[in-house]
Amino acid sequence: MPKTPQKTAIVTGAARGIGLATTDAFLADGWNVAMVDWDKDELLSVAAARQGISAIPRDISNPQDTGPIISETLAKFGRIDALVNNAGIADFGPIEETDFARWRQVMSVNLDGTFLMSQAATPALKETKGAIVNIASISGLRASTLRVAYGTSKAAIIALTQQQAVELGEYGIRANSICPGPVRTKLAMAVHTPDIIAAYHDALPLNRYGTEEELANAIVFLCSDKASYITGQNLAVDGGFAATGIGLPALRT
């Protein structure tokens with residue numbers, strides 16, 4: 001009986017956080033992973049401790065970098081079965097203080113990078129009838145203060161995902177997005193004050209932050225054959241945050 005070829009995923013923003021947890025989840029399932037990040041030192045550091053990976057220190061917002069990411073992955077592993085567009089930046093501030101440079105920086109990575117990587121990977125994904133998973137945010141589903149650029153970029157990613165699903169479905173390529181809610185990353189815990197943490201806990205039906213591993217599990221599922229008839233969908237992995245808005249935490253039983 002012929003051996004099933006080992007699948008390969010590209011994960012952007014893979015040097016830390018959800019991207020690193022997703023890399024580990026793919027590796028645990030027997031996939032190869034091309035780890036992409038613009039932080040070369042951190043990427044090479046975490047990659048050194050893992051097998052079955054290729055570390056590619058490039059900038060997804062640069063059109064000159066996305067093609068080489070694909071070619072380097074194919075040269076190393078011979079195929080691409082999934083693309084996880086996880087890389088992103090957050091820049092929070094009032095609308096009046098968000099100048100065009102700040103706006104463009106967020107859009108260039110979050111939206112442009114997702115578009116460029118998906119476009120570059122499409123020929124390879126056609127060959128494997130692969131999957132795209134774009135990481136949006138709960139801020140793309142519900143407005144919040146200080147997130148004019150970030151929230152708008154993430155809402156656009158959800159729309160872009162639907163465009164990809166409609167147009168690429170005829171090639172067998174599936175495209176879905178995930179909207180993380182509050183996640184207990186090192187960065188979040190460093191910048192969220194006790195008051196913010198308490199407020200999030202009150203607003204979340206599960207009364208806690210999610211973990212990086214919980215997000216990774218959902219991402220890997222959508223890339224797997226178990227999700228073979230799921231495309232054009234947005235999955236909020238958010239502890240129920242998107243469902244709130246009616247009722248007050250103080251009135252819960």
Ring geometry between His192 and Tyr209 (parallel below 30°, tilted from 30 to 60°, perpendicular above 60°):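 Tilted, since the angle between the ring planes falls between 30° and 60°.
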
Between [Y] and [X], is there a side-chain heavy-atom distance shorter than 4.5 Å?
X      : Y      : value
Asn234 : Ile178 : no
Asn176 : Ile132 : no
Gln6   : Phe77  : no
Ile10  : Ile70  : yes
Pro180 : Val237 : no

Between [X] and [Y], do the side chains contain an N or O donor and an N or O acceptor separated by less than 3.5 Å?
X      : Y      : result
Thr193 : Asp195 : no
Thr161 : Asn134 : yes
Asn85  : Ser118 : yes

Neighbour count >12 (heavy atoms, 6.0 Å) for atom CZ, Phe115: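 Not buried by this count: 12 neighbours or fewer within 6.0 Å.
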
Ion pair present between [X] and [Y], side-chain N to carboxylate O less than 4.0 angstrom?
X      : Y      : value
Glu214 : Arg208 : yes
Arg58  : Glu72  : yes
Asp112 : Arg104 : yes

Among Val33, Asn32, Ile56, Val36, the one residue meeting side chain to side chain contact (heavy atoms under 4.5 Å, CB included) with Thr73: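 It is Ile56, the one option of Val33, Asn32, Ile56, Val36 that forms the side chain to side chain contact (heavy atoms under 4.5 Å, CB included) with Thr73.
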
The single option from Thr185, Leu20, Asp24 passing side chain to side chain contact (heavy atoms under 4.5 Å, CB included) against Glu212: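 Exactly one pass, corresponding to Thr185.
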
Donor-acceptor contact present, side-chain Asp99 to main-chain Arg102, <3.5 Å: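 Checking the backbone N and O of Arg102 against the side chain of Asp99, a donor-acceptor pair under 3.5 Å is found.
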
Cation-pi, Tyr229 ring and Arg174 (6.0 angstrom, 45 degrees):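 Ring-cation test returns no.
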
Pairing residues for Asp29 by the salt bridge (charged side-chain N to carboxylate O under 4.0 Å, His left out) criterion, not counting sequence neighbours: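 Asp29 satisfies salt bridge (charged side-chain N to carboxylate O under 4.0 Å, His left out) with no other residue.
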
Point-to-point distance, once rounded to the nearest 0.5 Å, from CG of Asp91 to CZ of Arg147: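 The distance works out to 11.5 Å.
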
Derivation and outcome, side chain to side chain contact (heavy atoms under 4.5 Å, CB included), residues Arg184 and Met189: CA-CA 6 Å; Arg184 186 173 286 277; Met189 292 303 97; 2.9 Å; yes

